[in-house]
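What follows is a set of notes on a single structure, which appears directly below.
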Amino acid sequence: MTSSRNAVPARVLRALRAVRTTRAPVTRAMLALCCLVFAMSPASGLIPSYGTGHGLLLAQQAYFRRWGVVPVDLFSGSPRAALTPATALFVHGSWVHLLGNMLFLHVFGAMTEQRLGRVRFTLFYLGCGYLALLGYAAAHADSGQTLVGASGAISAVLGAFLYLFPRARVTSLLPFLFFLPLRLPAWVVLPFWAALQWLAAGRAGDGPGVAYLAHVIGFGLGFGCAWAGHGRTARVKVSPAPAPEGENQP
């Protein structure tokens with residue numbers, strides 16, 4: 001009996017071996033840069049010169065307002081404000097915020113980078129991240145609340161991963177199953193994640209709050225870019241072994 005592995009075209013097998021062994025320099029650089037920026041920021045609490053207590057809080061607010069997206073400022077015509085959807089991708093509000101984003105980038109970034117290529121992945125990551133934050137800001141144009149984080153860009157990576165590797169299995173903790181760890185195909189896990197983001201965005205109220213809408217926009221952009229750039233014939237339809245970078249544990 002012929003195994004399913006032997007039935008897979010040689011070019012697909014070569015692609016799978018490549019993504020398993022790739023060093024993913026762009027993904028690793030993004031991880032390192034986000035962690036470095038956070039460690040040097042007042043949000044980390046690691047720099048004594050920012051002070052403590054109320055002084056530290058004021059320093060954090062000023063930092064986020066300078067480098068984060070403030071919708072009401074973004075559409076004021078200021079050239080500096082127009083750059084903030086790019087700078088905000090490397091700014092995070094807390095350790096939990098940083099580690100959560102970096103986990104998803106660590107898990108899904110390497111294989112996506114290998115399929116897109118280093119240059120295209122860099123432009124894809126930054127471009128989709130920028131547009132996701134811009135779209136969120138446009139939906140809350142009168143808001144003065146600051147938006148920071150790489151969630152929009154990482155959501156785009158998830159969307160592209162879903163298109164390129166629909167049957168790749170990832171380990172997930174599903175809340176409605178008492179957080180039992182299950183290995184499920186990406187085409188099950190990631191649309192479920194996107195649906196949760198959409199529902200959360202609809203319940204976010206009038207204020208921006210958590211940027212669920214940026215997640216949804218990023219996810220859609222990522223999926224669309226992968227579809228437009230690769231087409232049906234470029235999809236990997238087998239279930240590759242987990243990449244060295246780890247497994248998804250939302």
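Just so you know, these numbers come straight off a predicted model, no measurement behind them.
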Please examine the side chains of [Y] and [X], heavy atoms only from C-beta on, and report whether any two atoms are closer than 4.5 Å.
X	Y	answer
Thr84	Leu133	no
Met30	Leu126	yes
His92	Met102	yes
Phe104	Val157	no

Give me the atom names and distance for the closest heavy-atom approach of [X] to [Y].
X	Y	result
Ile47	Ser41	CG1-O, 4.4 Å
Cys128	Gly222	SG-N, 4.4 Å
Leu74	Ala81	CD1-O, 3.1 Å
Pro25	Arg118	CG-NE, 3.3 Å
Leu89	Tyr130	CD1-N, 4.2 Å
Val69	Ala88	CG2-CB, 3.9 Å

Discussion item. Just to verify, which of Thr27, Ile154, Val26 counts as forming a side-chain contact (heavy atoms from CB on, under 4.5 Å) with Tyr125?
Written reply: Ile154
Worksheet item: Are Val37 and Trp95 co-members of a hydrophobic cluster defined by side-chain heavy atoms under 4.5 Å apart?
Response: yes
Practice prompt. Decide yes or no on salt bridge (Lys or Arg N to Asp or Glu O under 4.0 Å) for Asp73 and Arg80, but give the supporting numbers first.
Written response: CA-CA 9 Å; Asp73 295 339; Arg80 189 201 67 80; 5.4 Å; no
Worksheet item: For Pro71, does its backbone N or O pair with a side-chain atom of Ser143 as donor and acceptor, under 3.5 Å?
Response: no
Worksheet item: Would you say Ser44's side chain and Ala39's backbone share a donor-acceptor pair under 3.5 angstrom?
Response: yes
